[in-house]
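Before any comments, here is the structure.
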There are 2 protein chains.
Amino acid sequence: MVAAPPAVGLPDVSTVWLRVFLDVARHGSFTVAARTLGWTQSAVSRQISSLEAALGGGPLFDRLPRGVRLTEAGRVLVPHAEAVTEALHGAARELTELREVAGGRLRFGAFATADAALVPQALAAFRARHPGVRLTREEGITPGLLNRLDSGHLDLAVVSTTGRTPLEPYELHHLLDESLYVAVPAGHPLAGATGPVRLGRLADDDWISGSSRPEGTLLDAALRQGFRPQVTHVVGEWTAKLGYVAAGLGVTLVPALAAASVRQDVALLPVLDEGAPARAVYAATARGRSMAPAAAAFLGALREAAARIPRWGPGGTMA
Amino acid sequence: MVAAPPAVGLPDVSTVWLRVFLDVARHGSFTVAARTLGWTQSAVSRQISSLEAALGGGPLFDRLPRGVRLTEAGRVLVPHAEAVTEALHGAARELTELREVAGGRLRFGAFATADAALVPQALAAFRARHPGVRLTREEGITPGLLNRLDSGHLDLAVVSTTGRTPLEPYELHHLLDESLYVAVPAGHPLAGATGPVRLGRLADDDWISGSSRPEGTLLDAALRQGFRPQVTHVVGEWTAKLGYVAAGLGVTLVPALAAASVRQDVALLPVLDEGAPARAVYAATARGRSMAPAAAAFLGALREAAARIPRWGPGGTMA
DNA sequence: GCGAGCGATGCGACAAGCGAATGTCTAGCA
DNA sequence: TGCTAGACATTCGCTTGTCGCATCGCTCGC
């Protein structure tokens, strides 16, 4: 998972030795270095001895009557020792950033409707709180996103389920149960209705849907109500669907997440859900794989955004 | 003696841990990494645990049923761990070069006459054997060179002494005792002499010298022979002196080291030295300070070159 | 359902590394 | 010349870390 290394014999040196070495080089004295490090002189003496033995290149310091002085070997070692401590500092810094969600990356995906309100709101809050995190976003359908999650290309995916949830290798964090709306044209008999309507009252309407067969789509809800809706027009895009509705060509179901972005010349009626909610929205992460701090923070932002999504949108009452 | 560091808290990690970490990251398995490192799986497991604890940033690997996989923190650590091992490799490589006299630097100085033959010959041999060593050269008089040695600006100095040797803080490596020649014009009565001549036989000649007073110069030898030479012309440069000699304006003393570079139209007669040699040439290093490998090698080259300097030059017999 | 593979952990043994005390060497001073 | 102070090296006893071995828990594939 990482490129191959040179793989040669390399001395087993402690990074502590190297820091002591630099401190001694700086002060020109074992005793002074020991004082600044809070150790005894004997400890420093042995640290340097150990380092000299490990590197096998003779003494690093000339021991003078008053203090020590770098030998040629010691002078050569200094920049490399500094590079080591530099790298360790860098690692410590970057890991701290990661822990404090001030750095690192977050790769997430979401299904299309989630991008209408839920994801953008969560994203705005997250970016405001954690501007240092590099974000990459993908759009896709639930099975595709879960595959990407499984293969390690995504850290988190916002997915939706109509029926059973695919619990297998995923950790699902429930965000919200999505209620349904039915969009009707302005002149429709139910356009002025107050409060939720039973779906059965639209059993004789023409329906606009993304698929001619209701099974597996939002129109499952109609089947559960005991009627098979007549799909007069098969239209995929939300804007197109609502255009058909606005033109009086039929009615269509709108999930709660898309309710806020519906045009003004159609009426949205909350659908009375009897039994199971139309679909649930989850944030999915890979099971058994530790969540990156940024993913945990983003999950929190998603929960907050989900709590702000109205259960009954325009024309209905808030739950 | 080194620039000040950032000086912040830095984890005490072993470089062994980091190498184990990289090996595990590479193989995606504790067991496989343990095999390649010749350790047991439990050792690797605890090494990683130690590293994770020392960095304090949560796990570096997700433990999966089949092997392990880098977490976000682990992914962040990889380049820094590689930088550390890189720096260690660089240090090991450069120290090896130093040990094998294939790198590093050598700063030496020499007095002017040594540059006529001794130093160039030693230098040629040294450069041929150790082309990787960066050489810097200084010219100066003996006291100045010794000061530079003492202050750490030089690693080695080629110095000469007429009388007592300043043993104080220096390590003196004897190179050669320098015999004297006297240069006479081609038509001089002694020009055809075979074998060394007593200096007294030139008591009545005109002398060319760098100083009007013989004390402290090569002409000390004349004083030791019981006569005070008459310095007719004060001339500093060797080529100039010999030009005066060739023109029949007088005779001059030539130290052995400069004998080989004397023009053909003057005769060089070895001077019979009675008692102490005119002067001795040493390679001096700082006492108590370890000699860089390159300095030791250069000292060897100087000894070889000194052995090749003829004691009796053209016109005399070899000693 | 059962064995194989993989990482975690308890145990005993050994080595590394610490502090404190002591030894050795040199420079400076009287 | 002898004494003293300062600096590094060394020894001793103890703590801490780390290893191998054996074993446990867990998951996947046959």
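First the proteins, then the strands, lettered A, B, ... as listed; each starts at 1. The analysis underlying the following values was restricted to heavy atoms, covering all of them including side chains, and did not include hydrogens, waters or symmetry mates.
Atom CZ of Arg287(A) and atom P of dC26(D) are 15 Å apart (whole Å). The distance from atom CH2 of Trp39(A) to atom C1' of dA16(C) is 13 Å, rounded to the nearest whole Å. As rounded to whole Å, 11 Å separates atom P of dA16(C) from atom CG of Asp12(A). At whole-Å resolution of the value, CG in Leu37(B) and P in dC19(D) are 11 Å apart. Between the P atom of dG7(C) and the CD atom of Glu52(B) lies a distance of 13 Å, rounded to the nearest Å. If you measure from atom NE2 of His27(B) to atom P of dC6(C), you get 13 Å, rounded to the nearest angstrom. Note: CG (Asp62(A)) to C1' (dC25(C)) measures 15 Å, nearest angstrom. Atom CZ of Phe61(B) is separated from atom P of dA8(C) by 11 Å (rounded to the nearest Å).
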Take Arg105(B) and Glu72(A) through the salt bridge (charged side-chain N to carboxylate O under 4.0 Å, His left out) test and state the conclusion after the steps. CA-CA 8 Å; Arg105(B) 65 174 186 188; Glu72(A) 184 72 12; 3.6 Å; yes
Would Ser151(A) and His153(A) satisfy side chain to side chain donor-acceptor pair (under 3.5 Å), going step by step from the backbone distance to the final call? CA-CA 6 Å; Ser151(A) 64; His153(A) 290 96; 2.6 Å; yes
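Under 4.0 angstrom from either OP1 or OP2 of dC8(D) there lies at least one side-chain N or O belonging to Ser29(A). Phosphate contact (OP1/OP2 of dG7(C), side-chain N/O of Ser45(B), threshold under 4.0 Å): absent. OP1 or OP2 of dG17(C) lies within a sub-4.0 Å distance of a side-chain N or O belonging to Trp17(A). Phosphate contact (OP1/OP2 of dC18(C), side-chain N/O of Gln47(A), threshold under 4.0 Å): present. Phosphate proximity of dA9(D) to Arg63(A): present, with a side-chain N or O under 4.0 Å from OP1 or OP2.
In the set dA7(D), dA8(C), dC18(C), the nucleotide with an atom closest to the side chain of Thr31(A) is dA7(D). Which of dC6(C), dG6(D), dG7(C) sits closest to the side chain of Arg66(B) comes down to dC6(C). Here the nucleotide nearest the side chain of Gln41(B), chosen from dC21(D), dG19(C), dA8(C), is dA8(C).
Side-chain contact between Val20(B) and Asp23(B) is absent, with no heavy atoms from C-beta onward closer than 4.5 Å. Between Phe61(B) and Arg69(B) there is no side-chain heavy-atom pair separated by less than 4.5 Å.
Side chain of Arg289(A) to main chain of Asp155(A): no donor-acceptor pair is present (N/O by atom type, distance under 3.5 Å, no hydrogens or angles).
If Arg35(B) and Val44(A) are placed on DNA chain C by their nearest nucleotide, the residue sitting closer to the 5' end is Arg35(B). If you find the closest nucleotide of DNA chain C to Pro65(B) and to Pro65(A), the one lying nearer the 5' end belongs to Pro65(B). Checking Arg46(A) against Leu64(A), the closest nucleotide of DNA chain D that is more toward the 5' end is the one next to Leu64(A).
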